[in-house]
There are 2 protein chains.
Amino acid sequence: MTINDNKIRLIVADDHTLVRQGIVQMLRQHDEFDVICECEDGVALVQAVVKHNPDVILMDISMPKMNGLVAIDRVIQQRSDAKVLVLTMHDEIEYMVALHRAGARGYLLKESSTDQLATAIRALHRGRTFFPDVLEKSLESTANGRGKPVSLLGGLTRREREVFFLVVAGHTTKDIAGLLDMSHKTAENHRGRVLAKMEVANTAELIRLAAREGLLE
Amino acid sequence: MTINDNKIRLIVADDHTLVRQGIVQMLRQHDEFDVICECEDGVALVQAVVKHNPDVILMDISMPKMNGLVAIDRVIQQRSDAKVLVLTMHDEIEYMVALHRAGARGYLLKESSTDQLATAIRALHRGRTFFPDVLEKSLESTANGRGKPVSLLGGLTRREREVFFLVVAGHTTKDIAGLLDMSHKTAENHRGRVLAKMEVANTAELIRLAAREGLLE
DNA sequence: GGTAATATCAGCGAAAGCACTGATGGAGAA
DNA sequence: TTCTCCATCAGTGCTTTCGCTGATATTACC
């Protein structure tokens, strides 16, 4: 037995102890995996990556002390070949794209099965990526079409952004028309395009999205 | 009356398979617990409770198909003595108060340790409750310092609270009527009363308010 | 000069939201 | 037993949202 008996060496980072320990417990059922370290926040993760140089890193994106995106950035800075598999509850495409750009190599919803988790880990270990189909499509379309939008507000035009902020501030289209000195039909049209670009069905969802992105207040 | 030794019989409900299975895996390490059923949503949970009559119910509050608060309500309807332990990531007091009123007997953050989880389960099984200290204080203050609303949700009736959560989740009144099995007019009425009590003009403002209060998942 | 993106306006129709009012039955308290 | 709160359903009427289509003017880029 060598110390390196080709197990896949993992670091698991998640601030929710119950969740993290649960996942670790589960991974320990598989012989092929070796959880060498657990982290509660991004800072600890970056240090652990430097110290242990794991094969694959499993991490939640919403962690205290250091935002997940920033954490990925730091990790990649330390080890440009780091294989980061993000575990998350959000299936918003915006999230996926952002993570992909940040350098994550895989993205897995917490709704996923344990089999999928194992598959994803193996994929990353072999140098592959693991993203849901939706993202693949989106990345293609951004590659084909001009490589623009991505950021939540980036895809909006100037006027649409103005309308967006007034909508999430709770104004009706008529209000907005008055405030921006335009026809209420124009305001409606802008509003409609915002909803379409943001891929939400109604104002309620739009505001939820804005809240998630920290765009309220 | 205990046919199968005196293990504490548990149902675990969480829509995130990874999280759920992790927790289950962890509970199986303890001899004193017996996980008799896992559920992915509120609907399944209610059915499972009726069927298995567990000692303690572990549940996430943010689940698809049926909002957690609604689910608790239904569970309590079926078994008024059901011991519901809520697992969540949110430590907002509003949530705790609402859950307490809904009939949950315990509240545990996912940041908690496994020991705390075991302690909480045992507490509920013995007929005690398990809430963070902050809540105890808050509940006292509502009892003593009379009158004061304290909670945003405090002024709402049980049904109004259910509707509230579904509204801020982005559902239309028709959706809500379906989910709560009521006429769409009734749902509209509840919604209207929620808007009035919260002193906001429309859904947009309501969601902003909810976001400010940390009531969005 | 052609092309593309943007900002503007408008109409239509379906759906949803919102403000009223009124009515019934049940549960619990005074 | 009254009385109040709650949950339920319903109707009317108006406003707002939302999806779709189509049109024009300006700007800017190649």
Side-chain angles (χ1 to χ4, degrees), chain A residues 141-142 144-150 153-210, chain B residues 67 69-70 73-74 76-77 80 98 101-103 146-147 149 153-210:
Chain A
S141 69
T142 25
N144 298 344
R146 330 123 259 288
K148 285 284 141 56
V150 177
L153 295 171
L156 302 184
T157 67
R158 179 182 55 82
R159 213 53 167 163
E160 285 163 0
R161 263 199 302 279
E162 292 174 3
V163 172
F164 167 81
F165 280 107
L166 292 173
V167 168
V168 297
H171 296 290
T172 66
T173 35
K174 204 173 279 183
D175 282 352
I176 297 171
L179 289 166
L180 296 183
D181 193 34
M182 60 175 65
S183 152
H184 81 101
K185 292 303 296 183
T186 304
E188 270 188 33
N189 290 335
H190 285 310
R191 181 191 205 119
R193 253 172 279 120
V194 169
L195 291 183
K197 287 185 179 179
M198 300 283 203
E199 292 174 348
V200 293
N202 52 41
T203 304
E205 286 183 24
L206 182 71
I207 299 178
R208 282 176 65 81
L209 178 60
Chain B
N67 174 279
L69 275 180
V70 181
D73 237 30
R74 292 292 163 81
I76 304 275
Q77 267 174 30
S80 59
R101 294 201 176 190
R146 42 108 217 269
L153 299 169
L156 303 184
T157 66
R158 177 181 59 82
R159 214 52 168 162
E160 285 162 2
R161 266 199 303 279
E162 292 175 2
V163 172
F164 167 80
F165 279 105
L166 292 173
V167 168
V168 299
H171 293 102
T172 65
T173 34
K174 204 172 281 185
D175 282 352
I176 296 171
L179 289 167
L180 296 184
D181 192 34
M182 60 174 64
S183 152
H184 81 100
K185 291 304 293 185
T186 304
E188 269 188 33
N189 288 337
H190 285 310
R191 181 188 204 123
R193 253 172 277 122
V194 169
L195 292 183
K197 287 185 179 179
M198 300 284 204
E199 292 175 347
V200 293
N202 53 40
T203 303
E205 286 183 24
L206 183 70
I207 297 177
R208 282 178 63 81
L209 179 59

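So you know, we letter chains A, B, ... as the sequences are listed, proteins then strands, and number each from 1.
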**OP:** Would you please test B:R159 and B:E162 for salt bridge (Lys or Arg N to Asp or Glu O under 4.0 Å) and show each step?
**Re:** CA-CA 5 Å; B:R159 214 52 168 162; B:E162 292 175 2; 2.6 Å; yes
For residues 168-178 of chain A, dump all side-chain donor-acceptor pairs below 3.5 Å to protein atoms at least two apart in sequence or in another chain.
from	atom 1	to	atom 2	distance (Å)
A:T172	OG1	A:D175	N	3.2

**OP:** Remember a base hit wins even if backbone is also touched, and classify B:A196 as base, sugar-phosphate or nothing at under 4.0 Å, heavy atoms.
**Re:**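 Touches nothing.
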Original post:
How is A:E160 classified with respect to the nucleic acid when contacts are heavy atoms under 4.0 Å: base, sugar-phosphate, or nothing?
Top reply: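 Nothing: the residue A:E160, judged by heavy atoms under 4.0 Å, touches no strand.
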Would you kindly give the [atom1]-to-[atom2] distance between [X] and [N], to the nearest whole Å?
| X | N | atom1 | atom2 | result |
| --- | --- | --- | --- | --- |
| A:I207 | C:dG17 | CD1 | C1' | 14 Å |
| A:E188 | C:dC9 | CD | P | 13 Å |
| A:R159 | C:dC9 | CZ | C1' | 13 Å |

Original post:
Which ones in residues 171-183 of chain A lie close to DNA chain C, meaning a heavy atom under 4.0 Å from one of its atoms?
Top reply: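 Only A:M182, A:S183 qualify.
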**OP:** Take A:R191 and A:T203 through the test side-chain contact (heavy atoms from CB on, under 4.5 Å) and record every step on the way to the result.
**Re:** CA-CA 9 Å; A:R191 181 191 205 119; A:T203 304; 2.9 Å; yes
Original post:
Considering only heavy atoms from C-beta outward, does the side chain of B:T157 approach that of B:K197 to under 4.5 Å?
Top reply: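 A side-chain contact under 4.5 Å exists here.
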Original post:
B:L180 versus B:L166: any side-chain heavy-atom pair under 4.5 Å?
Top reply: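 With C-beta onward as the side chain, the pair touches.
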Original post:
What one-letter contact string describes nucleotides 22-30 of chain C from 5' to 3', where B marks a base within less than 4.0 Å of any protein heavy atom, S marks contact via sugar-phosphate atoms alone, and - marks no contact?
Top reply: ---------
**OP:** Using five base pairs at each end, measure the axis-to-axis angle across the helix from C:dG1-D:dC30 to C:dA30-D:dT1 and round it to 10 degrees.
**Re:**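 What I find for the helix from C:dG1-D:dC30 to C:dA30-D:dT1 is an axis angle of 40°.
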**OP:** Enumerate the residue pairs fulfilling salt bridge (charged side-chain N to carboxylate O under 4.0 Å, His left out) with a member in residues 177-186 of chain A, sequence neighbours excluded, ordered by first and then second residue.
**Re:**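 Pairs touching residues 177-186 of chain A that pass the test: A:K185-A:E188.
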**OP:** With a 4.0 angstrom cut-off to heavy atoms of chain A, pull out the first and last contacting nucleotide of DNA chain D, in 5'-to-3' order.
**Re:**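 Counting from the 5' end, contacts occupy D:dT16 to D:dC20.
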